[in-house]
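Keep in mind that this is a model prediction, so the values were computed, not measured.
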Amino acid sequence: MPCVCRQFEIGRSESGTPYPFMVYAKFYAPKDILNGAWSDIVSCAITAGKTVGIRTIINDPDAALGIFESVFKSCLVAKMGGHADRIEVALSARHQSATD
């Protein structure tokens, strides 16, 4: 089964500029696992995002990813067992433009 990527917005930071930072988690996994467990993945991403904090993801992405992955994987293992190891995660942040 081929791997696919799906993205989820985990938050935004109003940084005092006209356009906020948008923070995303991207998930890579076999299509059947990603689609079948999407609600659990989103739930665990929200939990991990709240634990890490949007500002930490923007200001220290390397440290944030380690914490996010740890919380995310622990949550996911509790929900779906061994299949959690087949899901990879990445974080990204970007300014939202006026056209977004």
Closest approach of F68 to A25 (non-hydrogen atoms, all atoms of both residues): CZ-CB, 4.1 Å
Interatomic distance, SG@C44 vs CZ@F72, rounded to 0.5 Å, equals 6.0 Å
Scan residues 29-47 for pairs that pass side-chain hydrogen bond (donor to acceptor under 3.5 Å, both in side chains), counting only residues two or more places apart or in two chains. R6-N35
What is the distance from atom CG of L91 to atom CD of E69, rounded to the nearest 0.5 Å? 7.5 Å
Value for CD1 (I58) from CZ (R12), rounded to nearest 0.5 Å, stands at 11.0 Å
Looking at every non-hydrogen atom in both residues, tell me the closest pair between C3 and P30 and how far apart they are. SG-N, 3.8 Å
From H83 atom NE2 to I33 atom CD1, the distance as rounded to the nearest 0.5 Å: 5.5 Å
Taking all heavy atoms of I54 and all of G11, pick out the closest pair and write down the distance. CD1-CA, 3.8 Å
At what distance, to the nearest 0.5 angstrom, does CG of D60 lie from CG of L65? 10.5 Å
Verify, without hydrogens or angle tests, whether K73 (side chain) and I87 (backbone) share a donor-acceptor contact under 3.5 angstrom. yes
Can you tell me how far the OG1 atom of T56 sits from the CD1 atom of I67, to the nearest 0.5 Å? 7.0 Å
Could you check whether any side-chain heavy atom of F8 comes within less than 4.5 Å of a side-chain heavy atom of I46, counting everything from C-beta outward? yes
Specify the closest pair of heavy atoms between A64 and V52, including all atoms of both residues, with the distance to one decimal. CB-CG1, 3.6 Å
Looking only at heavy atoms, which two atoms of F27 and A45 are closest? And how far apart? CZ-CB, 3.7 Å
To check you understand the geometry: which heavy-atom pair defines the closest contact between Y24 and Q7, and what is its length? CD2-NE2, 3.4 Å
